[in-house]
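For reference, the structure discussed in these notes is given below.
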Amino acid sequence: MRSVTYAMSVSLDGYVVGPDGGFDWTVPDEEVFRFATDEVRNLSVHLMGRRLYETMLYWEGVDQNPSLDFPTREFAALWRRLPKVVFSTTLDAVSGNARLATGGPAEEIARLRAEPGEGDIAIGGAALAAAAAAADLIDEYRMRVYPVLVGGGVPYFPRPGRRVDLTRVETRVFDSGVVFLRHRVDRRPGAGVADGDGT
C-alpha cells in the first residue's frame with residue numbers, strides 16, 4: 001500500500017507561513033532544491049488545497065524557458081507531469097495535470113490507494129493535512145526546518161489536543177543549516193494515536 005506523506009518547509013518555531021502570509025524564508029539553495037526534486041520524483045500524486053495549487057501554478061510552464069538552469073527546468077518538468085488533486089470549494093476548474101477532488105481527503109486517499117501503481121501520495125498544505133491527520137490517514141511527516149523564527153502564522157501541526165507517536169526514519173543536515181526530519185506514524189499496539197492532553 002502506498003504511503004501518505006505530509007511534507008512542508010517549516011520555520012524553527014513551527015510555521016509553514018509567517019504572520020504576514022509570507023514564506024520567502026523557504027527559498028531553497030541548490031542542495032535543498034535537488035533534494036526537493038528527488039522527493040517529487042518519488043511521488044505518484046499530490047493532494048493540495050487551493051492556496052498551494054495557485055502558488056505552484058508557477059511551475060506549470062516555467063520549464064519552457066531555455067534561459068533557466070537545468071535543475072529548475074527538471075523540477076518543473078517533473079511537477080508538470082505529476083498528477084494533482086485539488087481540494088477547493090471556490091474553484092470551478094483547474095489546469096494542467098490536475099483535477100478537482102470530488103470527495104473529502106478520506107475518500108480520495110482510499111480511491112488512490114486502491115489504484116495500481118507505485119510512489120507516495122503526498123499532501124501539501126496545513127489545513128488539508130490537518131483534515132487527513134484527524135482521520136489518521138498520514139503515514140509519514142516530513143519537515144525541512146529552516147533556521148528562522150517567524151513568530152506566528154500557519155502552524156505545521158494544526159492539531160491541538162491530539163497526540164501521535166512517531167518513529168524517526170531519517171535526519172539530514174544541509175550546509176545551509178536546513179534540517180530535514182522524516183518520521184513515520186507508529187501504529188504498533190500501545191503506541192498509536194491518542195486524543196486529549198494525556199493527563
Is there a donor in the side chain of [X] and an acceptor in the side chain of [Y], or the other way round, less than 3.5 Å apart?
X: R2; Y: S44; value: yes
X: T26; Y: R144; value: no
X: S88; Y: T90; value: yes

Could you report the tightest heavy-atom contact between [X] and [Y], atom names first, then the distance?
X: L91; Y: V94; answer: CD1-CG1, 4.1 Å
X: P155; Y: A126; answer: O-CB, 3.4 Å
X: L128; Y: P105; answer: CD1-CG, 3.7 Å
X: G151; Y: D13; answer: N-OD2, 2.8 Å

Do the charged groups of [X] and [Y] touch, with an N to O distance under 4.0 Å?
X: E30; Y: R34; result: yes
X: E39; Y: R182; result: no
X: R50; Y: E54; result: yes
X: R142; Y: D120; result: yes
X: D139; Y: R113; result: yes
X: E140; Y: R184; result: yes

Same cluster or not: are [X] and [Y] linked, directly or through other Ile, Leu, Val, Met, Phe, Trp or Tyr residues, by side-chain heavy atoms under 4.5 angstrom apart?
X: L166; Y: M8; answer: yes
X: F180; Y: W25; answer: yes
X: Y58; Y: L82; answer: yes
X: L57; Y: V40; answer: yes

For the residue pair Y6 and Y141, does the interplanar ring angle fall in the parallel (under 30°), tilted (30 to 60°) or perpendicular (over 60°) class?
perpendicular
Is the centre of the F174 ring less than 6.0 Å from the centre of the F35 ring?
yes
Near-ring test F33/F75, centroid separation under 6.0 angstrom
yes
Could you tell me whether the side chain of [Y] reaches within less than 4.5 Å of the side chain of [X], counting heavy atoms only?
X: F157; Y: V10; value: no
X: R111; Y: T102; value: yes
X: S9; Y: Y15; value: no
X: M56; Y: W79; value: yes
X: V179; Y: T171; value: yes
X: F23; Y: V16; value: no

Distance from [X] atom [atom1] to [Y] atom [atom2], nearest 0.5 Å?
X: L100; Y: D92; atom1: CG; atom2: CG; result: 8.0 Å
X: R81; Y: R41; atom1: CZ; atom2: CZ; result: 9.0 Å
X: M143; Y: L12; atom1: CE; atom2: CG; result: 9.0 Å
X: E108; Y: L47; atom1: CD; atom2: CG; result: 6.5 Å
X: D186; Y: R188; atom1: CG; atom2: CZ; result: 4.0 Å
X: D24; Y: D20; atom1: CG; atom2: CG; result: 7.5 Å

Donor-acceptor check, side chain of K84 to backbone of G96, threshold 3.5 angstrom: yes or no?
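Side chain of K84 to backbone of G96: no pair is present.
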So does L181 get a backbone contact from the side chain of E170, meaning a donor-acceptor N/O pair under 3.5 Å?
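The answer is no, because no donor-acceptor pair under 3.5 Å joins these two groups.
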Paired with I123, the side-chain contact (heavy atoms from CB on, under 4.5 Å) test is passed by just one of T5, I109, L52, L137, namely I109
My understanding is that only one of V145, V148, L149, V17 makes a side-chain contact (heavy atoms from CB on, under 4.5 Å) with S11; could you say which?
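When side-chain contact (heavy atoms from CB on, under 4.5 Å) is applied between S11 and each of V145, V148, L149, V17, only V148 qualifies.
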Counting only heavy atoms not in E118, do more than 12 fall under 6.0 Å of its CD?
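Atom CD in E118 is not packed in, count stays at 12 or less.
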